[in-house]
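Just so you know, these numbers use all the heavy atoms, side chains as well, and skip hydrogens, waters and symmetry mates. Numbered from 1 within each chain, the chains take letters A, B, ... in sequence-line order. Note that this is a predicted model, so its numbers are computed, not measured.
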Protein chains: 2
Amino acid sequence: MESRIDRIKKHLHSQSYKLTPQREATVRVLLENEEDHLSAEDVYLLVKEKSPEIGLATVYRTLELLAELKIVDKINFGDGVSRFDLRQEGAAHFHHHLVCIECGAVDEIQEDLLGDVEKVVENDWNFKIKDHRLTFHGICYRCQKQEDKEPTEQAINHT
Amino acid sequence: MESRIDRIKKHLHSQSYKLTPQREATVRVLLENEEDHLSAEDVYLLVKEKSPEIGLATVYRTLELLAELKIVDKINFGDGVSRFDLRQEGAAHFHHHLVCIECGAVDEIQEDLLGDVEKVVENDWNFKIKDHRLTFHGICYRCQKQEDKEPTEQAINHT
DNA sequence: TTTCGGGTTGATAATGATTTTAATTTGACA
DNA sequence: TGTCAAATTAAAATCATTATCAACCCGAAA
């Protein structure tokens, strides 16, 4: 964990940015909530618990900076807010997401499923891919189980 | 073209909505700019050219309605605005996008590239897919040609 | 024909996320 | 120690989007 912070620190330094206490607090929150998909506001509230003097604008600026350096990815699931997601270290590509339309849960797929598809796109469309975003919308395994037990109104209407 | 409007009209009627003149004007703008990815504001300005009395709120409401009925898809490329894209008639899935990080152009891929990937996700993650979003970020063929001729600063630094 | 009611609209106010501003603080370095 | 640029804060500003509400349209019932 510490080493991860250190590497991020070096990454910042290499672009002549500093890891200020505020930035460190923000990064720590991201590390401690790696499986969540926090909005800027979420991050702000969590950072505030440990460093109450931090300002919302600073959190926004830090997240923006981290996104520029590709330390985090800024994602958008269609609710009005941007969410921020740490990249796996050394990951060539951004991971994928499963968004449940029933319960809103967001699961991650770290595996790269797009290797073949990207080859097709690069060849057939002559497009040099730098990154991608892949999100599936559907029903997660938890809600599927739920529906088996106590069918919801929608589930009944589907038949 | 007219028949397309008619089908959309029927689609609306089937859910007991009307194709009011304002809604029709909005749909026409979408049809006439099918390859663009217009924001609500863009649509508003274009509709206003022919129907100056239309209100911004009405355009927003209409786009929202069309999105609900799956006539358009609401997409988000990470700039602050939602964009609206007509679905291909009868398309089971949403088409994909190529966003150029040099010039900002957005191209579409109508072909479904995700058939195999979706099978994997449904089986391995037990996730029932209803829809997807796939966007590639990279350099479009136009900008690649450009770089060959007159290399930009970035292009030089890449070497 | 008149009245009623629901759906629709347009102008405007309100909201909520994000960005900018201006003043202040910090920290490295001369 | 003094200086300067970067970073920070709180507050104001901005921008996209949504909610409000009075007015309107139009078909059905009286």
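For Thr135(A), there are no side chain to side chain donor-acceptor pair (under 3.5 Å) partners, not counting sequence neighbours. Judged as a side chain to side chain contact (heavy atoms under 4.5 Å, CB included), and not counting sequence neighbours, Glu35(A) has no contacts.
For NZ of Lys48(A), the number of neighbouring non-hydrogen atoms (other residues, nucleotides, ligands) closer than 6.0 Å is greater than 12.
The interatomic distance linking Glu68(B) (CD) with dT18(D) (P) rounds to 11 Å, in whole Å. For the pair Glu24(A) CD and dT8(D) C1', the computed distance is 16 Å after rounding to whole Å. Between Leu12(A) atom CG and dA6(D) atom C1' the separation is 13 Å, expressed in whole Å. If you measure from atom CG of Asn76(B) to atom C1' of dC15(D), you get 14 Å, rounded to the nearest angstrom. Going from atom CG of Asp79(A) over to atom P of dT17(D) covers 14 Å, rounded to whole Å. What separates OH of Tyr60(B) from C1' of dC15(D) is a distance of 9 Å, to the nearest Å. To the nearest angstrom, C1' of dC25(D) lies 16 Å from CG of Leu19(B).
Between His97(A) and Phe77(A), the ring-plane angle classifies as perpendicular under the 30° and 60° cut-offs.
Hydrophobic cluster membership of Leu114(A), counting Ile, Leu, Val, Met, Phe, Trp and Tyr whose side-chain heavy atoms lie under 4.5 Å apart directly or via other members: Leu98(A), Ile109(A), Leu113(A), Val117(A), Val120(A), Val121(A), Trp125(A), Phe127(A), Ile129(A), Leu134(A), Phe136(A), Leu98(B), Ile109(B), Leu113(B), Leu114(B), Val117(B), Val120(B), Val121(B), Trp125(B), Phe127(B), Ile129(B), Leu134(B), Phe136(B).
Along DNA chain C, the stretch of nucleotides lying under 4.0 Å from any heavy atom of chain A spans, 5' to 3', dA17(C) to dT21(C).
Residue Arg23(A) has a polar side-chain atom (N or O) positioned under 4.0 Å from OP1 or OP2 of dT8(D).
Within residues 37-58 of chain A, the residues having any heavy atom under 4.0 Å from DNA chain D are, by residue number, Glu53(A), Ile54(A), Gly55(A), Ala57(A), Thr58(A).
Screening residues 12-24 of chain A for side-chain hydrogen bond (donor to acceptor under 3.5 Å, both in side chains), with sequence neighbours left out, gives Glu24(A)-Arg28(A).
Leu30(A) contributes atom CG, which lies 6.5 Å from atom CG of Leu66(A) (distance to the nearest 0.5 angstrom).
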